[in-house]
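Notes to accompany the following structure.
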Amino acid sequence: MLLVISLMIFCVPLGGNTSPISCYNDQGDAVDWFYIYKLPKEHGRKSPQQGETYLLLEKGSEGWTNGTGTVNDTAGALGRTVGQLYSQGKNTEIAYILYNDQRPPVDFGDRWADDSGSRGGHTKGVVLLDKNQGFWLVHSTPNFPPVRQAGRYYYPSTGVTNGQNFICVTYPLDRFQTIGEQLQINQPNVYDCNVPESLASLVPTLATVCEKKHQSGHIFPRIKTVSNRSVTLTSKDGTDFISFAKGASFNNDLYHSWVAPTLQSNLLVQFWVRSTGILPSDCSLGWKVLDITLINPGQTFTFKASQDHSKWAVSPEAAGSGSRGGWVCVGDINRNKAEEKRGGGTVCLQDTVVWKAYRTAALECEACTGGTIQC
């Protein structure tokens, strides 16, 4: 009996958490990828969960489904996924990078930092991995997520009022070197990170991104690199995504000057329109890039683009008969003059279900000649 007990004790895995680092759905299942559309506060309606409800679309689903609970719940897809950072305890065999142009408070007080005028990229995201795999979450929410030292997951009040978007993809270890290269181009504002020595040799670009943060505080310094690059990133289960990353030296609009001609597709673009220097719809250069003005994802309720802080784009048509549908891109940069000179990017997928989910959400757009038209 003593021998059996001893074997049981010594066979318990160290680190406490044996679940793979991955994107997770509302049911707690590891998934290859998901999209979340956090809905804005609905005018004229009051409830305790106003502004925290969301729609979820994961690989294998048939479209948007209502999220269980709220984005603030640790049992929801977003909480389960990002919450892995805090549930790992003192596990030193994981690497993570948190970056946001509007970082959360590092002193856990009531002061919110705003780096929107910084020289770093207009980028927001989470990278978390171990020696086997991990995820890259790209999103649009200010002050999110909290630093690891906070000890727990929570969703910030500053991300509640407006709509927000998230794309999470699970990748094998060997993709994260390329992800690090994309981040170097983006020049993100990293506010919390750690890449242990055991992983630094496997993903040296991520180690460099983290190292630059420790050398220079919150602002990622300019480095000599290419001004923009698009790469195919294949998920753990074999889905191909295209990552577009631009730096400050690109000095042009991400969507009209680069994404549309690369995908050979017109685009309808949703972005934060309540800022100065907004770029109008543009039909030059052979591609139509129209600013979305009215939205209704998942047949929930209709809201204006001014209520939506998301940054996403969808092709107005599918890419021909027999294809995989049209394109959907979810990222972290807007169409405005100032952000032509800042780093940022988007992650694109050609998938029939995802395309229909986003395409039907775009109701009205700004015409290139002015005025409003049906998208």
Side-chain angles (χ1 to χ4, degrees), residues 33 35 97 99-101 120-127 135-140 165-169 171 175-189 205-206 209 220 223 225-235 239-272 279 282 285-292 310-316 319 324-351 354-355 358:
W33 49 262
Y35 292 80
I97 294 179
Y99 60 97
N100 200 312
D101 54 285
H122 193 280
T123 56
K124 300 175 176 68
V126 177
V127 175
F135 69 82
W136 184 19
L137 177 81
V138 176
H139 67 90
S140 62
N165 253 230
F166 304 80
I167 175 175
C168 182
V169 183
Y171 293 107
R175 304 291 186 271
F176 285 92
Q177 174 68 5
T178 303
I179 290 171
E181 293 168 355
Q182 294 297 86
L183 290 180
Q184 287 182 321
I185 296 170
N186 281 162
Q187 301 166 318
N189 292 279
T205 55
L206 287 182
V209 170
F220 190 85
I223 59 176
T225 184
V226 296
S227 65
N228 63 297
R229 186 181 74 159
S230 62
V231 296
T232 297
L233 291 171
T234 304
S235 70
T239 301
D240 288 338
F241 293 84
I242 301 179
S243 167
F244 290 84
K246 81 177 187 74
S249 61
F250 184 68
N251 196 20
N252 214 329
D253 175 41
L254 171 75
Y255 305 95
H256 186 260
S257 67
W258 186 23
V259 177
T262 300
L263 300 180
Q264 296 284 289
S265 175
N266 299 323
L267 292 175
L268 313 176
V269 185
Q270 161 56 35
F271 60 98
W272 185 236
L279 299 177
D282 194 334
L285 304 178
W287 301 107
K288 295 180 181 179
V289 172
L290 306 183
D291 297 347
I292 298 172
S310 300
K311 299 94 170 58
W312 55 267
V314 62
S315 58
R324 293 177 292 167
W327 288 97
V328 171
C329 305
V330 173
D332 48 26
I333 197 164
N334 301 299
R335 295 195 69 235
N336 66 40
K337 198 65 181 175
E339 290 177 40
E340 289 185 342
K341 299 179 177 64
R342 294 182 68 183
T346 193
V347 179
C348 302
L349 172 66
Q350 189 179 21
D351 179 273
V354 179
W355 175 72
Y358 277 92

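These numbers were taken from a predicted model, which means no experiment stands behind them. For this chain, numbers begin at 1 and follow the sequence in order.
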Do N100 and N189 come within less than 4.5 Å of each other through their side chains, counting heavy atoms only?
no
To check you understand the geometry: which heavy-atom pair defines the closest contact between A245 and I185, and what is its length?
O-CG2, 3.6 Å
Distance, nearest 0.5 Å, that separates OG of S140 from CZ of F166:
6.0 Å
So how far is it from Y171 OH to T178 OG1, rounded to the nearest 0.5 Å?
10.0 Å
Using the ring centroid of each side chain, check whether W33 and F135 are separated by less than 6.0 Å.
no
Spatial distance of atom CG (L267) from atom CZ (R335) [nearest 0.5 Å]:
9.5 Å
How long is the straight-line distance from NZ of K124 back to OH of Y99, given to the nearest 0.5 Å?
10.5 Å
Decide whether Q182 and S243 meet the rule of one side-chain donor and one side-chain acceptor closer than 3.5 Å.
yes
Closest approach of D101 to G121 (non-hydrogen atoms, all atoms of both residues):
CB-O, 3.6 Å
Looking at T123 and G343, what are the two nearest heavy atoms and their distance?
CG2-O, 3.9 Å
T239 (side chain) donor-acceptor with S235 (main chain) under 3.5 angstrom:
no
Working note: L183 + V127, criterion side chain to side chain contact (heavy atoms under 4.5 Å, CB included); need CA distance, chi angles, decisive distance, verdict.
CA-CA 10 Å; L183 290 180; V127 175; 4.2 Å; yes
Does F244 reach the side chain of V231, with side-chain heavy atoms less than 4.5 Å apart?
no
Using distance alone, with no hydrogens and no angle criterion, decide if E181 and T205 have a side-chain donor and acceptor under 3.5 Å apart.
no
Taking C-beta and beyond as the side chain, do I97 and L206 meet within less than 4.5 Å on heavy atoms?
yes
One should read off an interatomic distance between L254 CG and H122 NE2, to the nearest 0.5 angstrom, of 12.5 Å
Backbone N or O of H139 within a donor-acceptor pair of the D332 side chain at under 3.5 Å?
no
Can you tell me which residue among V209, V226, I179 is in a side chain to side chain contact (heavy atoms under 4.5 Å, CB included) with Q184?
V209
Has the side chain of E339 got a donor or acceptor atom that lies under 3.5 Å from a matching backbone atom of N336?
no
Does any N or O in the side chain of Q350 come within less than 3.5 Å of the main-chain N or O of G325, such that one atom is a donor and the other an acceptor?
yes
Under 3.5 Å, is there a donor on one side chain and an acceptor on the other for Y255 and N334?
no
Counting C-beta onward and ignoring hydrogens, is there a side-chain heavy-atom pair between W287 and P261 closer than 4.5 Å?
yes
A side-chain contact here means heavy atoms from C-beta on lying under 4.5 Å apart; do S230 and W258 qualify?
yes
For a side chain to side chain contact (heavy atoms under 4.5 Å, CB included) check, start with the C-alpha distance between V354 and Y35, then their side-chain angles and the critical distance, and finish with the verdict.
CA-CA 9 Å; V354 179; Y35 292 80; 3.8 Å; yes
Atom pair SG (C348) and CG (L263), whose distance is rounded to the nearest 0.5 Å
5.0 Å
Shortest non-hydrogen separation from W272 to K311 and the atoms involved:
CB-NZ, 3.7 Å
Nearest heavy-atom contact between K246 and K341 is NZ-N, 4.4 Å
Would you say that S315 contacts W355 through its side chain, given a criterion of any heavy-atom pair below 4.5 Å between the two side chains?
yes
Residue pair L349 / V347, side-chain heavy-atom distance below 4.5 Å
no
Polar side chain donor-acceptor pair, D240 to T234, under 3.5 angstrom
yes
Identify the two heavy atoms, one from V289 and one from A260, that lie closest to each other, and give their separation to 0.1 Å.
CG2-CB, 4.1 Å
